[in-house]
Amino acid sequence: MNVTRRQTFVIGAGAVAFATLGASITPALSASDTEKIIADFIGGKEPVSGKVKLKTPEIAENGNTVPISFTVDSPMTEDNYVASVLVVAAGNPFPPVATFNFSAMSGKAEASTRIRLATTQDILAYAKMNDGSVFLDKKNVKVTIGGCGG
Amino acid sequence: MAKDKVKPRVKVPKKAAKGDVITIKTLISHKMETGRRKDRKTGEFIPRKIINHFKAEYNGAEVFSANLEPSVSANPYFKFSVKVMESGTFKFTWTDDDGSVYTSEKKIAVQ
(Lines give C-alpha, C1' and ligand atoms only; values in the text may rest on other atoms or scores of the structure.)
Protein backbone atom coordinates (compact mmCIF):
# COMPACT_ATOMS: atom_id res chain seq x y z
CA MET A 1 0.00 0.00 0.00
CA ASN A 2 2.75 2.32 0.95
CA VAL A 3 4.71 1.48 -2.14
CA THR A 4 1.78 2.09 -4.44
CA ARG A 5 1.25 5.47 -2.97
CA ARG A 6 4.88 6.37 -3.36
CA GLN A 7 4.99 5.15 -6.88
CA THR A 8 1.95 7.15 -7.80
CA PHE A 9 3.51 10.11 -6.12
CA VAL A 10 6.72 9.88 -8.01
CA ILE A 11 5.57 8.68 -11.39
CA GLY A 12 2.20 10.31 -11.79
CA ALA A 13 1.43 13.45 -9.90
CA GLY A 14 4.99 13.73 -8.66
CA ALA A 15 6.04 16.79 -10.53
CA VAL A 16 2.87 18.72 -9.82
CA ALA A 17 2.62 17.68 -6.19
CA PHE A 18 6.21 18.57 -5.41
CA ALA A 19 5.92 21.88 -7.17
CA THR A 20 2.92 22.96 -5.11
CA LEU A 21 3.92 21.50 -1.76
CA GLY A 22 7.58 22.37 -1.70
CA ALA A 23 7.28 25.79 -3.25
CA SER A 24 8.85 27.83 -0.49
CA ILE A 25 11.49 25.58 1.00
CA THR A 26 13.50 23.03 -0.98
CA PRO A 27 11.56 22.64 -4.20
CA ALA A 28 12.12 19.54 -6.23
CA LEU A 29 14.59 20.13 -8.98
CA SER A 30 13.06 19.89 -12.43
CA ALA A 31 14.54 17.54 -15.00
CA SER A 32 15.98 20.43 -16.98
CA ASP A 33 17.74 21.83 -13.90
CA THR A 34 19.30 18.44 -13.25
CA GLU A 35 20.37 18.19 -16.86
CA LYS A 36 21.95 21.60 -16.58
CA ILE A 37 23.91 20.61 -13.48
CA ILE A 38 25.16 17.49 -15.24
CA ALA A 39 25.94 19.47 -18.39
CA ASP A 40 27.90 22.02 -16.36
CA PHE A 41 29.83 19.24 -14.72
CA ILE A 42 30.74 17.33 -17.87
CA GLY A 43 31.49 20.55 -19.75
CA GLY A 44 30.25 19.50 -23.19
CA LYS A 45 32.13 16.21 -23.24
CA GLU A 46 30.37 12.99 -24.07
CA PRO A 47 30.55 10.67 -21.03
CA VAL A 48 32.13 7.33 -21.92
CA SER A 49 31.51 4.23 -19.87
CA GLY A 50 34.53 2.68 -18.20
CA LYS A 51 37.20 3.66 -15.68
CA VAL A 52 34.70 4.69 -13.01
CA LYS A 53 33.14 1.87 -11.07
CA LEU A 54 30.14 2.49 -8.88
CA LYS A 55 29.26 0.06 -6.13
CA THR A 56 25.77 0.05 -4.71
CA PRO A 57 23.59 -2.56 -3.06
CA GLU A 58 21.17 -4.19 -5.48
CA ILE A 59 18.34 -3.85 -3.02
CA ALA A 60 18.18 -1.17 -0.36
CA GLU A 61 15.73 -1.98 2.37
CA ASN A 62 15.94 1.43 3.91
CA GLY A 63 16.19 4.36 1.53
CA ASN A 64 17.37 6.62 4.33
CA THR A 65 20.91 5.31 4.31
CA VAL A 66 22.13 3.50 1.26
CA PRO A 67 25.87 2.85 1.29
CA ILE A 68 27.54 3.64 -2.00
CA SER A 69 31.14 3.74 -3.07
CA PHE A 70 33.07 4.30 -6.25
CA THR A 71 36.57 3.85 -7.56
CA VAL A 72 38.10 5.46 -10.59
CA ASP A 73 40.93 3.83 -12.44
CA SER A 74 43.67 6.46 -12.57
CA PRO A 75 47.38 6.68 -11.70
CA MET A 76 46.65 9.83 -9.65
CA THR A 77 49.82 11.67 -10.55
CA GLU A 78 50.37 15.41 -10.97
CA ASP A 79 49.47 15.31 -14.66
CA ASN A 80 46.96 12.49 -14.72
CA TYR A 81 44.37 12.43 -11.98
CA VAL A 82 40.66 12.42 -11.36
CA ALA A 83 39.47 15.93 -10.73
CA SER A 84 35.99 15.27 -9.45
CA VAL A 85 33.13 12.82 -9.33
CA LEU A 86 29.45 13.75 -9.44
CA VAL A 87 26.92 11.30 -8.05
CA VAL A 88 23.34 11.66 -9.25
CA ALA A 89 20.29 9.79 -8.00
CA ALA A 90 18.01 10.28 -10.97
CA GLY A 91 14.77 9.44 -9.16
CA ASN A 92 15.16 11.72 -6.14
CA PRO A 93 13.26 14.98 -5.84
CA PHE A 94 16.68 16.60 -5.73
CA PRO A 95 18.79 14.36 -7.96
CA PRO A 96 22.35 15.69 -7.48
CA VAL A 97 23.70 13.88 -4.42
CA ALA A 98 27.25 15.11 -4.02
CA THR A 99 30.37 16.21 -5.86
CA PHE A 100 33.68 14.82 -4.69
CA ASN A 101 36.88 16.69 -5.51
CA PHE A 102 40.16 14.86 -5.63
CA SER A 103 43.73 15.95 -6.07
CA ALA A 104 46.96 14.30 -7.09
CA MET A 105 47.56 13.81 -3.36
CA SER A 106 44.53 11.55 -3.05
CA GLY A 107 46.59 8.52 -4.03
CA LYS A 108 43.51 6.62 -5.03
CA ALA A 109 40.37 8.06 -6.53
CA GLU A 110 37.83 6.34 -4.39
CA ALA A 111 35.28 7.29 -1.78
CA SER A 112 32.36 5.86 0.11
CA THR A 113 29.37 7.58 1.60
CA ARG A 114 25.73 7.00 2.45
CA ILE A 115 22.88 8.48 0.54
CA ARG A 116 19.11 8.83 0.62
CA LEU A 117 16.99 7.31 -2.09
CA ALA A 118 13.35 8.21 -2.53
CA THR A 119 12.46 5.28 -4.73
CA THR A 120 13.85 2.51 -6.92
CA GLN A 121 16.06 4.25 -9.42
CA ASP A 122 19.33 4.54 -11.30
CA ILE A 123 22.39 5.98 -9.61
CA LEU A 124 24.90 7.63 -11.91
CA ALA A 125 28.51 8.46 -11.24
CA TYR A 126 30.28 10.90 -13.56
CA ALA A 127 34.04 11.03 -13.17
CA LYS A 128 35.89 13.98 -14.62
CA MET A 129 39.62 13.64 -15.32
CA ASN A 130 42.02 16.56 -15.10
CA ASP A 131 42.14 16.67 -18.92
CA GLY A 132 38.36 17.15 -19.03
CA SER A 133 37.36 13.71 -20.28
CA VAL A 134 34.32 12.24 -18.54
CA PHE A 135 33.50 8.66 -17.66
CA LEU A 136 30.19 7.29 -16.48
CA ASP A 137 28.85 4.32 -14.58
CA LYS A 138 25.24 3.53 -13.77
CA LYS A 139 23.67 1.16 -11.26
CA ASN A 140 20.06 0.42 -10.50
CA VAL A 141 19.03 0.20 -6.86
CA LYS A 142 15.72 -1.22 -5.73
CA VAL A 143 14.39 0.62 -2.71
CA THR A 144 11.88 -0.96 -0.35
CA ILE A 145 11.21 2.07 1.85
CA GLY A 146 11.88 5.49 0.44
CA GLY A 147 14.05 7.91 2.37
CA CYS A 148 13.10 11.42 1.37
CA GLY A 149 10.24 12.26 3.69
CA GLY A 150 7.34 13.40 1.57
CA MET B 1 16.65 21.41 17.26
CA ALA B 2 19.14 23.64 18.92
CA LYS B 3 19.99 20.93 21.38
CA ASP B 4 21.21 18.62 18.65
CA LYS B 5 24.88 18.18 19.22
CA VAL B 6 27.10 18.10 16.20
CA LYS B 7 30.07 15.92 16.86
CA PRO B 8 32.69 15.08 14.26
CA ARG B 9 34.48 11.76 14.45
CA VAL B 10 37.55 11.00 12.38
CA LYS B 11 39.72 7.96 11.96
CA VAL B 12 43.25 8.54 10.68
CA PRO B 13 46.10 6.07 11.12
CA LYS B 14 48.69 7.34 13.63
CA LYS B 15 51.65 6.13 11.61
CA ALA B 16 52.39 5.45 7.98
CA ALA B 17 55.35 4.86 5.70
CA LYS B 18 56.35 7.50 3.18
CA GLY B 19 54.31 7.15 -0.01
CA ASP B 20 51.59 5.07 1.62
CA VAL B 21 48.02 5.57 0.57
CA ILE B 22 46.08 5.75 3.80
CA THR B 23 42.35 5.47 4.32
CA ILE B 24 40.50 8.10 6.28
CA LYS B 25 37.00 7.71 7.63
CA THR B 26 34.93 10.61 8.85
CA LEU B 27 31.50 10.83 10.37
CA ILE B 28 29.65 13.79 11.75
CA SER B 29 26.43 13.59 13.68
CA HIS B 30 23.99 15.83 11.88
CA LYS B 31 20.35 15.53 10.97
CA MET B 32 20.76 16.71 7.37
CA GLU B 33 17.29 18.20 7.30
CA THR B 34 16.33 18.09 3.63
CA GLY B 35 13.77 20.87 3.69
CA ARG B 36 11.20 18.50 2.28
CA ARG B 37 10.03 16.96 5.52
CA LYS B 38 6.88 18.13 7.17
CA ASP B 39 6.37 18.76 10.84
CA ARG B 40 3.78 16.21 11.95
CA LYS B 41 2.02 18.64 14.27
CA THR B 42 1.88 21.82 12.26
CA GLY B 43 2.01 20.35 8.76
CA GLU B 44 4.64 22.89 7.80
CA PHE B 45 7.89 22.17 6.10
CA ILE B 46 10.94 21.97 8.31
CA PRO B 47 13.52 24.33 6.80
CA ARG B 48 16.54 22.85 5.10
CA LYS B 49 19.62 22.53 7.27
CA ILE B 50 22.39 20.35 5.98
CA ILE B 51 26.15 20.16 5.95
CA ASN B 52 26.80 21.50 2.48
CA HIS B 53 30.56 21.18 2.27
CA PHE B 54 33.26 18.92 3.59
CA LYS B 55 36.97 19.50 3.19
CA ALA B 56 40.08 17.60 4.19
CA GLU B 57 43.39 19.47 4.27
CA TYR B 58 46.80 18.01 4.81
CA ASN B 59 49.45 20.44 5.98
CA GLY B 60 47.35 23.25 4.61
CA ALA B 61 46.72 21.81 1.15
CA GLU B 62 43.30 20.56 0.19
CA VAL B 63 43.41 16.84 -0.58
CA PHE B 64 39.74 15.94 -0.73
CA SER B 65 36.49 17.83 -0.62
CA ALA B 66 32.84 17.24 -1.30
CA ASN B 67 29.79 19.37 -1.96
CA LEU B 68 26.77 17.79 -0.36
CA GLU B 69 23.15 18.03 -1.36
CA PRO B 70 20.07 17.01 0.64
CA SER B 71 20.27 13.49 -0.82
CA VAL B 72 23.18 12.68 1.48
CA SER B 73 22.06 10.67 4.51
CA ALA B 74 21.86 11.96 8.05
CA ASN B 75 25.20 11.75 9.88
CA PRO B 76 27.22 12.13 6.69
CA TYR B 77 29.95 9.54 6.43
CA PHE B 78 32.94 9.59 4.10
CA LYS B 79 35.73 7.20 3.42
CA PHE B 80 38.53 8.33 1.14
CA SER B 81 42.26 7.97 0.52
CA VAL B 82 45.26 10.22 0.84
CA LYS B 83 48.82 9.60 -0.19
CA VAL B 84 51.18 10.73 2.59
CA MET B 85 54.74 11.85 1.93
CA GLU B 86 55.59 13.59 5.20
CA SER B 87 54.43 13.87 8.78
CA GLY B 88 51.80 16.43 9.37
CA THR B 89 48.33 17.38 10.40
CA PHE B 90 45.03 16.68 8.79
CA LYS B 91 42.35 19.25 9.21
CA PHE B 92 38.74 18.38 8.49
CA THR B 93 36.13 21.05 8.03
CA TRP B 94 32.37 20.69 7.75
CA THR B 95 30.28 23.69 6.77
CA ASP B 96 26.66 23.93 7.84
CA ASP B 97 23.85 25.72 5.98
CA ASP B 98 23.50 28.11 8.92
CA GLY B 99 27.14 29.13 8.58
CA SER B 100 28.49 27.07 11.47
CA VAL B 101 31.81 25.41 10.86
CA TYR B 102 32.88 22.24 12.61
CA THR B 103 36.49 21.16 12.55
CA SER B 104 38.65 18.30 13.70
CA GLU B 105 42.41 17.81 13.49
CA LYS B 106 44.52 14.66 13.48
CA LYS B 107 48.27 14.20 13.40
CA ILE B 108 50.08 11.52 11.51
CA ALA B 109 53.72 10.45 11.77
CA VAL B 110 55.27 9.43 8.46
CA GLN B 111 58.58 7.58 8.36
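Numbered from 1 within each chain, the chains take letters A, B, ... in sequence-line order. Keep in mind that the numbers below use all heavy atoms, side chains included, and drop hydrogens, waters and symmetry copies.
- Side-chain contact annotation: B/Glu62 with A/Ser103, donor-acceptor N/O pair under 3.5 Å absent.
- B/Pro76 places none of its side-chain heavy atoms less than 4.5 Å from the side chain of A/Arg114.
- Contact of B/Met32 with chain A is made through backbone and side chain together, with heavy-atom distances under 4.5 Å.
- Atom OG of residue A/Ser106 and atom NZ of residue B/Lys83 lie 11.0 Å apart, to the nearest 0.5 angstrom.
- For the pair B/Phe78 and A/Phe100, the minimum side-chain heavy-atom distance is below 4.5 Å.
- Note that CG of B/Leu68 is 7.5 Å distant from OG1 of A/Thr113, once rounded to the nearest 0.5 Å.
- The line from CG of A/Asn101 to NZ of B/Lys55 is 11.5 Å long, rounded to the nearest 0.5 Å.
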Begin with the C-alpha distance, continue with both residues' side-chain angles, and end with the deciding distance and a verdict on side chain to side chain contact (heavy atoms under 4.5 Å, CB included) for A/Val97 and B/Glu69.
CA-CA 5 Å; A/Val97 175; B/Glu69 304 292 349; 5.7 Å; no

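- For chain A, the nearby part of B/Leu27 is the side chain; its heavy atoms alone come within less than 4.5 Å.
- Counting heavy-atom pairs under 4.5 Å between each of A/Ala111, A/Pro95, A/Ser112, A/Gly107 and chain B puts A/Ser112 at the top.
- When heavy atoms are compared at a cutoff of 4.5 Å, B/Ala74 approaches chain A by way of both its backbone and its side chain.
- Closest approach of B/Val63 and A/Met105 over heavy atoms only: CG1-CE, 3.4 Å.
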Apply side chain to side chain contact (heavy atoms under 4.5 Å, CB included) to residues A/Ser69 and B/Lys79 and explain how you reach the verdict.
CA-CA 9 Å; A/Ser69 63; B/Lys79 186 175 126 190; over 6 Å; no

